[in-house]
S.K.: 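The structure follows.
This structure is a prediction, so every number in the text was calculated from the model and none was measured.
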Amino acid sequence: MATMMTKCMLILPIFLCIIAPLIRATDVRYCDKKADYDVTVNGVEISPDPVARGHPATFSISATSGESISGGKLVIDVSYFGWHIHSETHDLCDETSCPVSDGNFVVSHSQVLPGFTPPGSYSLTMKMYDAKKKELTCIAFDFNIGFASSIADS
């Protein structure tokens with residue numbers, strides 16, 4: 001038993017050194033820190049991170065709602081070095097299963113960014129509205145587009 005415990009104690013640090021760099025938490029900020037949003041965001045996962053130009057990227061937002069949501073929309077705004085460069089609106093039910101029951105749920109959006117998208121740091125703001133156009137939440141987070149892919153790859 002002691003030998004097995006010793007092996008585990010030796011393997012665990014190696015495992016953590018290999019896996020830890022692959023796990024990145026995306027810092028999420030609420031648009032209005034004083035607001036009492038109906039939907040609380042628990043985290044954002046971006047895959048791959050950094051995003052590769054010309055290849056699919058998935059943004060998964062885990063959230064919690066105190067009430068069921070029958071439908072609505074997501075409004076997404078993207079900025080590059082502080083300059084607004086892109087907006088899009090999506091039906092909430094296209095990004096998650098509707099109706100959304102009270103409790104935990106995930107909003108997931110996949111998209112291929114053009115191969116000519118400049119690499120660097122971007123900021124994304126997402127507002128979620130219910131079917132009656134009531135704002136349920138508003139978050140912002142940063143993401144990176146890597147240098148690896150180019151227009152020749154797409």
Side-chain angles (χ1 to χ4, degrees), residues 8 11-13 15-149 154:
C8 286
I11 293 173
L12 184 62
F15 177 77
L16 290 175
C17 288
I18 293 170
I19 298 299
L22 301 176
I23 302 171
R24 295 185 189 178
T26 301
D27 293 329
V28 177
R29 303 172 304 278
Y30 285 100
C31 301
D32 182 351
K33 293 177 178 132
K34 296 178 184 177
D36 185 23
Y37 293 114
D38 292 344
V39 171
T40 304
V41 173
N42 304 319
V44 174
E45 182 180 313
I46 303 168
S47 178
D49 188 8
V51 172
R53 300 177 288 154
H55 297 282
T58 302
F59 296 81
S60 298
I61 301 166
S62 58
T64 305
S65 177
E67 297 181 18
S68 64
I69 305 167
S70 61
K73 65 180 180 175
L74 300 173
V75 177
I76 298 169
D77 291 303
V78 180
S79 298
Y80 182 61
F81 290 110
W83 292 85
H84 182 264
I85 60 165
H86 182 72
S87 291
E88 55 189 53
T89 300
H90 297 275
D91 186 300
L92 177 63
C93 297
D94 290 341
E95 310 299 324
T96 193
S97 297
C98 284
V100 175
S101 301
D102 63 326
N104 297 329
F105 66 100
V106 174
V107 174
S108 185
H109 178 72
S110 294
Q111 188 166 340
V112 175
L113 299 177
F116 58 82
T117 304
S121 295
Y122 289 76
S123 295
L124 185 144
T125 301
M126 184 206 72
K127 294 180 181 180
M128 181 185 297
Y129 296 92
D130 67 11
K132 296 178 182 177
K133 300 181 182 177
K134 177 185 176 194
E135 187 176 89
L136 300 174
T137 198
C138 179
I139 61 166
F141 59 89
D142 300 327
F143 68 97
N144 292 306
I145 295 180
F147 291 88
S149 293
S154 46

S.K.: At their closest point, which heavy atom of Phe141 faces which heavy atom of Asp27, and how far apart are they?
M.R.: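 For Phe141 versus Asp27, the nearest heavy atoms are CB-O, 3.3 Å.
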S.K.: What I'd like to find out is whether the side chain of Asp142 reaches to under 4.5 Å of the side chain of Arg29, using heavy atoms alone.
M.R.: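 Yes - at least one pair of side-chain heavy atoms lies under 4.5 Å apart.
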S.K.: For residues Ser62 and Asn104, determine if any side-chain heavy atom of one lies less than 4.5 Å from a side-chain heavy atom of the other.
M.R.: no
S.K.: Side chains of Met126 and Ile76, heavy atoms from C-beta outward: is any pair under 4.5 Å?
M.R.: yes
S.K.: Would you compute the distance between atom CG of Asp77 and atom OG1 of Thr125 and round it to the nearest 0.5 angstrom?
M.R.: 6.0 Å
S.K.: Heavy atoms only: give me the nearest Tyr129-Lys127 pair and the separation to one decimal.
M.R.: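 In terms of heavy atoms, the two residues are closest at OH-CD, 3.3 Å.
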S.K.: Look only at the side chain of Thr96 and the backbone of Val106, and say whether a donor-acceptor pair between them is shorter than 3.5 Å.
M.R.: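 At least one qualifying donor-acceptor pair exists.
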S.K.: Would you compute the distance between atom CG of Leu113 and atom CD1 of Ile145 and round it to the nearest 0.5 angstrom?
M.R.: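 Reported value, rounded in 0.5 Å steps: 5.0 Å.
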S.K.: Could you tell me if the side chain of Ile61 sits less than 4.5 Å from the side chain of Val28, heavy atoms only?
M.R.: no
S.K.: Do Ser121 and Asn144 get their side chains close enough for a donor-acceptor pair, meaning under 3.5 Å?
M.R.: yes
S.K.: Work out which heavy atom in Gly82 is nearest to a heavy atom in Ser79; give both atom names and the distance.
M.R.: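 Scanning both residues, the minimum pair turns out to be C-CB, 4.3 Å.
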S.K.: If you look only at distance, which donor and acceptor atoms sit under 3.5 Å apart when one is on a side chain in residues 34-43 and the other is two or more places apart or in another chain?
M.R.:
unit_1 : atom_1 : unit_2 : atom_2 : d
Tyr37  : OH     : Asp32  : N      : 3.2
Asp38  : OD2    : Lys134 : NZ     : 2.5
Asn42  : ND2    : Thr64  : OG1    : 2.9

S.K.: Rounded to the nearest 0.5 Å, how far does CD of Glu95 lie from OG of Ser110?
M.R.: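 Separation between the atoms: 8.5 Å.
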S.K.: Does any non-hydrogen side-chain atom of Ser87 lie less than 4.5 Å from one of Val75?
M.R.: no
S.K.: Please list, chain by chain and in numerical order, all residues satisfying ring pair (Phe, Tyr, Trp, His ring centres under 6.0 Å) with Phe59, sequence neighbours excluded.
M.R.: Phe143
S.K.: Taking all heavy atoms of Gly146 and all of Pro119, pick out the closest pair and write down the distance.
M.R.: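 Shortest heavy-atom separation between Gly146 and Pro119 comes out as O-CB, 3.4 Å.
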S.K.: Quick check on Glu67: does its CD atom have over 12 non-hydrogen neighbours (other residues, nucleotides or ligands) under 6.0 Å away?
M.R.: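 At most 12 heavy atoms, drawn from other residues, nucleotides or ligands, come within 6.0 Å of this atom.
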S.K.: Restricting to ring pair (Phe, Tyr, Trp, His ring centres under 6.0 Å), what partner residues turn up for His84, sequence neighbours left out?
M.R.: none
S.K.: Identify the two heavy atoms, one from Leu92 and one from Cys98, that lie closest to each other, and give their separation to 0.1 Å.
M.R.: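 Closest pair (atom of Leu92, atom of Cys98, distance): C-SG, 4.3 Å.
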S.K.: Does Met128 reach the side chain of Leu74, with side-chain heavy atoms less than 4.5 Å apart?
M.R.: yes
S.K.: Would Thr117 and Tyr122 count as a side-chain contact (heavy atoms from CB on, under 4.5 Å) here? Give the steps.
M.R.: CA-CA 11 Å; Thr117 304; Tyr122 289 76; 3.4 Å; yes
S.K.: What's the shortest heavy-atom distance between Ala57 and Pro48, and which atoms?
M.R.: CA-CD, 4.1 Å
